[in-house]
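For the single chain, residues carry numbers from 1 onward in sequence order.
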Amino acid sequence: MKKTLSIFLISILVIGTLFAQAASETAGKETIAFKDSAGRTVEIPASIDKVAPSGAVATMFLAAFAPERMCTVSGRPSSSQLEYLPSELAKLPETGQMYGSKATLNLEELLSSGAELVIDLGDYKKGIEEDLDALQAQIGIPVIFIESNLENMASAFRTLGKILSMEERGEALGAFVDETMAMAKENREKIKDDEVLSVMYTTGVDGLGTNAKGSTQAQVLEIVGAENAIVVEKLSNKGGGNQINLETAMSADPDCIIFSDDSIATEVATLPGWKEMSAIRNGKYCVVPSSPYNWLGNPPSMNMVIGVWWLGNLLYPEYYSYSMVERIREIYSLLWNYDMTQEEAKAMLSVAKFKN
């Protein structure tokens with residue numbers, strides 16, 4: 001018990017010292033008042049060199065926007081993700097999810113990282129103001145929220161550009177999102193009522209976790225002009241979506257099915273129930289690409305912009321008419337500064353095509 005108490009006291013002393021160091025590093029720095037997407041006014045440094053993401057979505061955004069400014073990650077990227085992301089991210093300390101019901105904040109790592117600002121990006125959630133105020137009081141570092149769903153993503157990139165003094169980068173990514181959304185709107189309006197396809201977007205090994213109509217994870221479907229085949233009473237916006245049974249999927253009988261990787265997609269044509277569904281019989285099913293992140297969501301971030309180009313072209317190639325190979329190469333270069341070859345792009349897209 002004495003040993004445990006000693007370790008606890010040492011931890012308290014270390015964290016207290018780190019708090020003092022963090023306070024001394026920011027003291028005297030020029031600040032500006034920033035009004036975030038939750039309506040909070042926060043004093044942030046006028047010049048920012050070190051940024052910490054609040055969680056997974058913020059890590060994804062910042063890894064694309066300004067990896068050189070990141071001083072922590074929420075979780076270390078996998079080896080497959082690091083094929084496309086800056087290798088330096090693997091060396092950064094992990095600080096976990098900083099708030100919410102699944103908070104795993106590593107306070108010591110955060111305080112020792114020299115972070116001048118914590119940025120939370122994602123969807124607005126009720127109560128986020130109180131959560132971020134509490135986090136800011138706990139860590140002694142300014143915390144801001146920038147709403148970044150597809151509707152607000154262009155603005156989010158431009159806002160990041162302003163606060164990080166990277167306006168050119170912010171404008172480049174903001175303009176790309178604007179181009180994407182305008183392209184989708186123009187092509188969506190060309191689709192005739194009798195051409196609209198119903199789509200089931202599944203998750204999980206058994207393919208019965210579904211991102212139902214109205215979910216954040218499935219918003220790309222509606223943006224490109226598809227009808228979500230799965231409608232539920234109590235919608236879940238979690239990564240796995242709503243769990244349904246095979247009878248419900250068969251009853252919906254979608255025109256197309258999008259599976260996640262590590263699922264039953266490779267064997268679904270031989271499975272009872274599944275093989276009777278129109279999409280499977282007609283070969284209108286495939287796997288959504290997931291490198292470095294799932295193109296449709298999980299979590300929903302700037303990866304959804306890639307999904308708009310891919311899913312539109314997959315479902316309605318007569319309207320979304322362009323070379324996905326070249327488009328993917330351009331997008332990976334813009335987002336992650338990754339020089340993808342044509343062969344790599346073709347390989348990535350090979351599993352992302354319908355069987356027929």
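Classification of Glu318 and Lys192 as a salt-bridged pair fails, no side-chain N sitting under 4.0 Å from a carboxylate O.
Of the inter-residue distances, the one linking Ile163 atom CD1 with Ile32 atom CD1 reads 8.0 Å to the nearest 0.5 angstrom. In this structure, Met181 CE and Arg188 CZ are separated by 7.0 Å, a value rounded to the nearest 0.5 Å.
If you chain together hydrophobic residues whose side chains sit under 4.5 Å apart, Ile119 and Leu110 never meet in one group. Connection of Leu92 to Val57 is established within a shared hydrophobic cluster, with ILVMFWY side chains joined at heavy-atom distances below 4.5 Å, either directly or through further cluster members. In the hydrophobic cluster analysis, where Ile, Leu, Val, Met, Phe, Trp and Tyr join through side-chain heavy atoms closer than 4.5 angstrom, Ile191 is grouped together with Tyr322. Note: the hydrophobic cluster containing Tyr285 does not contain Leu197 (ILVMFWY, side chain heavy atoms under 4.5 Å, direct or indirect links). Both Leu160 and Val42 belong to a single network of hydrophobic side chains, linked directly or stepwise wherever heavy atoms of I, L, V, M, F, W or Y lie under 4.5 Å apart.
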task: Could you please spell out the steps behind the ring pair (Phe, Tyr, Trp, His ring centres under 6.0 Å) verdict for Phe259 and Trp274?
output: CA-CA 12 Å; Phe259 289 94; Trp274 286 100; 5.6 Å; yes
message: Assess the residue pair Met98 and Asp120 against the criterion (side chain to side chain contact (heavy atoms under 4.5 Å, CB included)); give the C-alpha distance rounded to whole Å, side-chain angles, the decisive distance to 0.1 Å, and a yes or no.
response: CA-CA 9 Å; Met98 292 194 189; Asp120 181 47; over 6 Å; no
task: Evaluate side chain to side chain contact (heavy atoms under 4.5 Å, CB included) for Leu105 paired with Tyr99, printing each intermediate quantity in order.
output: CA-CA 7 Å; Leu105 172 62; Tyr99 73 96; over 6 Å; no
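Among residues two or more places apart in sequence or in another chain, the side chain to side chain contact (heavy atoms under 4.5 Å, CB included) test is passed with Pro86 by Pro67, Glu88, Leu89. Judged as a ring-ring contact (aromatic ring centres under 6.0 Å, His included), and not counting sequence neighbours, Phe354 has no contacts.
For CD of Glu151, the number of neighbouring non-hydrogen atoms (other residues, nucleotides, ligands) closer than 6.0 Å is 12 at most. Shown here is Asn337, whose CG atom has no more than 12 heavy atoms of other residues, nucleotides or ligands within 6.0 Å. Heavy-atom neighbours of Asp194 CG from other residues, nucleotides or ligands within 6.0 Å: above the threshold of 12.
The aromatic rings of Phe157 and Phe61 are tilted relative to each other, their planes meeting at an angle between 30° and 60°.
Looking only at atom types and distance, the side chain of Tyr84 has no donor-acceptor partner in the side chain of Glu344 under 3.5 Å away. Counting only N and O atoms by type, the side chains of Glu186 and Tyr320 include no donor and acceptor under 3.5 Å apart.
Contact annotation: the side chain of Val305 approaches that of Leu150 to within less than 4.5 Å [non-hydrogen atoms, C-beta and beyond].
Using modelled atom types, one side-chain atom of Ser198 and one backbone atom of Asp255 make a donor-acceptor pair closer than 3.5 Å.
Listed here is the closest heavy atom pair of Thr95 and Pro53: OG1-O, 4.3 Å. Minimum interatomic distance between Ala212 and Ala218 (heavy atoms only, all atoms of both residues): O-CB, 3.9 Å.
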